[in-house]
Undergrad: 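Pasting a structure below so you can have a look.
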Amino acid sequence: MTNEQNPQIEVAHTREEMLHILESMRLEAYQKEDIHVITKDPSHFQDVKWDVNVKTHEVGNWVDQFKSWFTGESAVTEGLKRFDLTEGQTAYYAHLLEQGVIVLFAEH
């Protein structure tokens, strides 16, 4: 049983792995609108047919870069701040995203 108080966060290293994790989340009773797919490289989303309710996020974009000028944080870290993660989680997933992984975040 999934703990509804904590988000489920998974890491994918390939596009195929991302699609497999996405399907697993759906099977675990997450609603499509509760799933976020996060990457620094938007090419991971090319040619993938998304359900309109699955949210995709490119972190490190120009808006995040602009914010980072004022905060001193990396643009990827700024992009992750919208997900209400702990400081440690933000740093950890920012590092992974910089390395090119895809992060899938789901919460009820």
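Index from 1, following the sequence. Remember, it's a predicted structure, so these values are computed and weren't measured experimentally.
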Undergrad: Mind checking ring-ring contact (aromatic ring centres under 6.0 Å, His included) for Tyr93 and listing every partner two or more places apart, or none if nothing turns up?
TA: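 Residues passing ring-ring contact (aromatic ring centres under 6.0 Å, His included) with Tyr93: none at all.
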Undergrad: Quick one: CD on Glu107 to CE on Met25, what's the gap to the nearest 0.5 Å?
TA: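 Between Glu107 CD and Met25 CE, I get 11.0 Å after rounding to 0.5 Å.
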Undergrad: Write out all pairs satisfying salt bridge (Lys or Arg N to Asp or Glu O under 4.0 Å) with one or both partners inside residues 87-105, taking only residues at least two apart or from two chains.
TA: Lys40-Glu98
Undergrad: What's the separation between atom OG1 in Thr90 and atom CG in Leu85, rounded to the nearest 0.5 Å?
TA: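 One finds 4.5 Å between OG1 of Thr90 and CG of Leu85.
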Undergrad: Not counting sequence neighbours, which residues clear ring-ring contact (aromatic ring centres under 6.0 Å, His included) with Trp62? List them please.
TA: none
Undergrad: Could you label the plane-to-plane angle of the His36 and Phe105 rings as parallel, tilted or perpendicular, counting under 30° as parallel and over 60° as perpendicular?
TA: tilted
Undergrad: Of all residues at least two apart in sequence or in a different chain, which pass the side chain to side chain contact (heavy atoms under 4.5 Å, CB included) check with Ala75?
TA: Asp64, Gln65, Ser68
Undergrad: Say you draw a straight line from CD1 of Ile9 to CD1 of Ile38; how long is it, rounded to the nearest 0.5 Å?
TA: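 If we round to the nearest 0.5 Å, Ile9:CD1 and Ile38:CD1 are 8.0 Å apart.
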Undergrad: Evaluate Glu58 against Thr56 for side chain to side chain contact (heavy atoms under 4.5 Å, CB included), listing each step before the verdict.
TA: CA-CA 7 Å; Glu58 176 191 352; Thr56 59; over 6 Å; no
Undergrad: With a cut-off of 6.0 Å (strictly less than), are more than 12 heavy atoms of other residues, nucleotides or ligands near CG of Asp41?
TA: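 More than 12 heavy atoms, drawn from other residues, nucleotides or ligands, come within 6.0 Å of this atom.
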Undergrad: Run the side chain to side chain contact (heavy atoms under 4.5 Å, CB included) check on Lys81 and Lys67 step by step: do they pass?
TA: CA-CA 11 Å; Lys81 286 183 178 179; Lys67 291 178 189 176; over 6 Å; no
Undergrad: Residues in side chain to side chain donor-acceptor pair (under 3.5 Å) with Glu10, at least two apart?
TA: Gln8
Undergrad: What is the minimum heavy-atom distance between Val76 and Leu97, and which atoms define it?
TA: CG1-CB, 3.9 Å
Undergrad: List for me each residue that meets ring-ring contact (aromatic ring centres under 6.0 Å, His included) alongside Phe66, sequence neighbours excluded, and say none if there are none.
TA: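 With sequence neighbours excluded, Phe66 shows a ring-ring contact (aromatic ring centres under 6.0 Å, His included) to Trp69, Phe70, given in chain and number order.
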Undergrad: Following the transitive rule for hydrophobic clusters with a side-chain heavy-atom cut-off under 4.5 Å over Ile, Leu, Val, Met, Phe, Trp and Tyr, establish whether Tyr30 and Leu19 coincide in one cluster.
TA: yes
Undergrad: What's the shortest heavy-atom distance between Leu80 and Val59, and which atoms?
TA: N-CG1, 4.1 Å
Undergrad: Please test His57 against Phe83 for side chain to side chain contact (heavy atoms under 4.5 Å, CB included), starting from the C-alpha separation and ending with a verdict.
TA: CA-CA 11 Å; His57 306 275; Phe83 296 103; 3.5 Å; yes
Undergrad: Taking all non-hydrogen atoms of both residues, which atom of Met18 and which atom of Val37 are closest, and how far apart?
TA: SD-CG1, 3.7 Å
Undergrad: Among Arg15, Glu16, Glu17, which residue satisfies the side-chain contact (heavy atoms from CB on, under 4.5 Å) criterion with His13?
TA: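 Result for side-chain contact (heavy atoms from CB on, under 4.5 Å) with His13: Glu17.
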Undergrad: If I compare all heavy atoms of Ile35 with all of Ala106, which pair ends up nearest, and what's the gap?
TA: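 Minimum heavy-atom contact is CG1-CB, 4.1 Å.
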